[in-house]
Amino acid sequence: MVEAGDASKVDVSSYDLIGLASGIYYQKFHKDVLNWAEQNLPQGKRELFLYTYGVKRNGYLDAIKQIAVSKGAKIMGSYDCPGFDTFGPFKLIGGIVKGRPNEEDVAGAVSLFRHCIKD
Ligand SMILES: Cc1cc2nc3c(=O)[nH]c(=O)nc-3n(C[C@H](O)[C@H](O)[C@H](O)COP(=O)(O)O)c2cc1C
């Protein structure tokens with residue numbers, strides 16, 4: 001596992017399947033993850049995306065997908081679930097979706113990963 005913020009020089013070219021994971025920040029993957037992908041994703045990899053959000057909406061994958069597609073990625077799938085969120089006004093009420101991701105969420109992500117390595 002590579003932390004996007006401090007691993008800009010990690011070489012992932014020998015991996016068959018690359019998972020990109022992030023919380024959602026201002027409708028996108030965190031900028032560190034987007035920057036990392038822009039700079040480090042090799043061409044033509046199989047990729048999957050994992051993310052947590054405070055409020056479910058469409059389009060959270062658009063920016064990361066655009067980068068992946070520009071690098072000729074084969075997108076294998078994505079998994080998302082709510083994640084504890086204390087952003088902005090939610091702080092006033094102690095946050096929303098406390099306790100997520102839970103075991104079931106993690107199991108769902110593992111199952112996507114298993115499915116991808118079989119394909
Ligand atoms: C500055 C900031 C911006 C956020 N923007 C969004 C957003 O646009 N949409 C959303 O659903 N959640 C948003 N969230 C909530 C996070 O996506 C959520 O808490 C996520 O689980 C964080 O994951 P992480 O702690 O692994 O980074 C935001 C949180 C913060 C702190």
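Since the model is a prediction, treat every value here as computed from it, not as a measurement. Hydrogens, waters and symmetry mates are skipped; everything else that's a heavy atom, side chains included, is used.
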**OP:** Please check if the distance between the ring centroids of F87 and Y26 is under 6.0 Å.
**Re:** yes
Subject >> Minimum heavy-atom distance V33-A21, with the two atoms named >> reply: CG2-O, 3.8 Å
Subject >> Flag side-chain contact, heavy atom, 4.5 Å: V69 against I75 >> reply: yes
Original post:
To the nearest 0.5 Å, how far apart are OH in Y53 and SG in C81?
Top reply: 6.5 Å
Subject >> Rounded distance [0.5 Å steps], OH in Y25 versus CG in D32 >> reply: 10.0 Å
Original post:
Do the non-hydrogen side-chain atoms of W36 and L20 ever get within less than 4.5 Å of each other?
Top reply: yes
Original post:
Under 30°, 30 to 60°, or over 60°: which ring-plane class applies to F29 and F49, parallel, tilted or perpendicular?
Top reply: perpendicular
Original post:
Hey, are the side chains of R100 and D105 touching, using non-hydrogen atoms and a 4.5 Å cut-off?
Top reply: yes
Original post:
If two hydrophobic side chains count as joined below 4.5 Å and joins carry through other members, does I18 share a cluster with V2?
Top reply: yes
Subject >> Rounded distance (nearest 0.5 Å) linking atom CE of M76 with atom CD of E47 >> reply: 10.5 Å
Subject >> pair D80-K56: side-chain heavy atoms closer than 4.5 Å >> reply: yes
**OP:** Output yes when a side-chain donor or acceptor of S13 lies under 3.5 Å from a complementary backbone atom of P42, and no otherwise.
**Re:** no
Subject >> Minimum heavy-atom distance between I64 and A37, given as atom pair plus value >> reply: CD1-CB, 3.8 Å
Original post:
Could you give the distance from CD (E38) to CG (L41), rounded to the nearest 0.5 Å?
Top reply: 9.0 Å
Original post:
Do F113 and L17 come close enough that some side-chain heavy atom pair is under 4.5 Å?
Top reply: yes
Original post:
Near K71 NZ, under 6.0 Å, is it more than 12 heavy atoms from other residues, nucleotides or ligands?
Top reply: yes
Original post:
To the nearest 0.5 Å, how far apart are CD in E104 and OG in S111?
Top reply: 11.5 Å
Original post:
So with a 6.0 Å cut-off around CD of E103, is the heavy-atom count from everything else above 12?
Top reply: no
Original post:
Do you know the tightest heavy-atom contact between G95 and T86?
Top reply: CA-CG2, 3.9 Å
Original post:
What's the shortest heavy-atom distance between V97 and P82, and which atoms?
Top reply: CG1-CB, 3.7 Å
**OP:** Answer yes if I117 and Y79 sit in the same cluster of Ile, Leu, Val, Met, Phe, Trp and Tyr residues linked by side chain heavy atoms under 4.5 Å apart, and no otherwise.
**Re:** yes
Original post:
Shared ILVMFWY cluster between I24 and L34, side chains joined below 4.5 angstrom?
Top reply: yes
**OP:** Answer yes or no: is there a side-chain heavy-atom contact under 4.5 Å between Y60 and K28?
**Re:** no
Subject >> Atom pair CG (L50) and CG (L61), whose distance is rounded to the nearest 0.5 Å >> reply: 9.5 Å
**OP:** Treating Ile, Leu, Val, Met, Phe, Trp and Tyr as nodes and any side-chain heavy-atom pair under 4.5 angstrom as an edge, say whether I93 and V55 lie in one connected cluster.
**Re:** yes
